[in-house]
Amino acid sequence: MKYYKYSDGEIIKTNADSLSQLLQYYQLLLQNYLEVSDDLDDPSYVARGNGFCDAKYSEDFINGQIAKCRQRIFDIESWMKE
């Protein structure tokens, strides 16, 4: 096991084999946020949550999550090259 530090400062402990799974996770998460961002202007779209949501995710939130996923993917790919 080795410690890795994301660009945003969060530290994780994992092994090299698990990095590919982590990369796949963030790639899928990024794809999901990109799909959600495409639906932000759809009047029928509401936030998915605990069943009590009746408002859209904010565009800033979605864009922030997309940026975070992209940065994490970049970080993980960099670690995998080490």
Side-chain angles (χ1 to χ4, degrees):
M1 295 292 241
K2 183 177 175 182
Y3 289 95
Y4 296 93
K5 185 175 181 180
Y6 288 112
S7 298
D8 65 7
E10 183 178 337
I11 298 171
I12 62 167
K13 183 179 178 182
T14 189
N15 58 34
D17 295 334
S18 297
L19 287 177
S20 62
Q21 291 175 329
L22 196 57
L23 178 61
Q24 289 176 349
Y25 168 78
Y26 279 107
Q27 288 171 333
L28 179 61
L29 192 60
L30 174 60
Q31 185 60 39
N32 288 338
Y33 278 119
L34 289 172
E35 288 176 16
V36 168
S37 72
D38 290 341
D39 292 336
L40 285 175
D41 293 330
D42 184 346
S44 65
Y45 176 76
V46 293
R48 290 172 256 177
N50 60 9
F52 298 103
C53 296
D54 60 1
K56 296 179 183 182
Y57 285 118
S58 74
E59 188 173 344
D60 289 342
F61 173 78
I62 297 298
N63 290 336
Q65 295 296 51
I66 289 171
K68 179 180 177 178
C69 288
R70 286 185 172 148
Q71 185 59 52
R72 294 232 164 153
I73 289 168
F74 177 81
D75 291 341
I76 295 166
E77 288 175 339
S78 297
W79 301 336
M80 291 174 76
K81 292 177 186 175
E82 293 177 356

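Please read all numbers here as calculations on a predicted model, not as lab measurements.
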Tyr25: what forms a ring pair (Phe, Tyr, Trp, His ring centres under 6.0 Å) with it, not counting sequence neighbours? none

How would you list all residue pairs meeting salt bridge (Lys or Arg N to Asp or Glu O under 4.0 Å) that involve residues 60-70, not counting sequence neighbours? none

Run through the side-chain heavy atoms of Ile, Leu, Val, Met, Phe, Trp and Tyr, join any pair under 4.5 Å, and report what else lands in Phe74's cluster. none

Asn15: what forms a side chain to side chain contact (heavy atoms under 4.5 Å, CB included) with it, not counting sequence neighbours? Met1, Asp17, Ser18

To the nearest 0.5 Å, what is the distance between CD (Gln24) and CG (Leu19)? 11.5 Å

Sequence neighbours excluded, the answer for side chain to side chain contact (heavy atoms under 4.5 Å, CB included) partners of Lys2 is Tyr4, Glu82

Where Ile12 and Trp79 come nearest, the two heavy atoms and their spacing: CD1-CZ3, 4.0 Å

d(Ile73 CD1, Leu30 CG) to nearest 0.5 Å is 4.5 Å

Contacts of Glu10 that satisfy side-chain hydrogen bond (donor to acceptor under 3.5 Å, both in side chains) - sequence neighbours left out: Arg72

Working to the nearest 0.5 angstrom, can you tell me the gap between Ile66 CD1 and Glu59 CD? 9.0 Å

Besides Tyr3, the hydrophobic cluster formed by Ile, Leu, Val, Met, Phe, Trp and Tyr side chains linked at under 4.5 Å, directly or via other members, contains Ile11

Under 30°, 30 to 60°, or over 60°: which ring-plane class applies to Phe61 and Tyr33, parallel, tilted or perpendicular? perpendicular

Sequence neighbours excluded, which residues qualify as side chain to side chain contact (heavy atoms under 4.5 Å, CB included) partners of Leu28? Asn32

Contacts of Gln71 meeting side-chain hydrogen bond (donor to acceptor under 3.5 Å, both in side chains) (sequence neighbours excluded), chain-then-number -> Ser7, Asp75

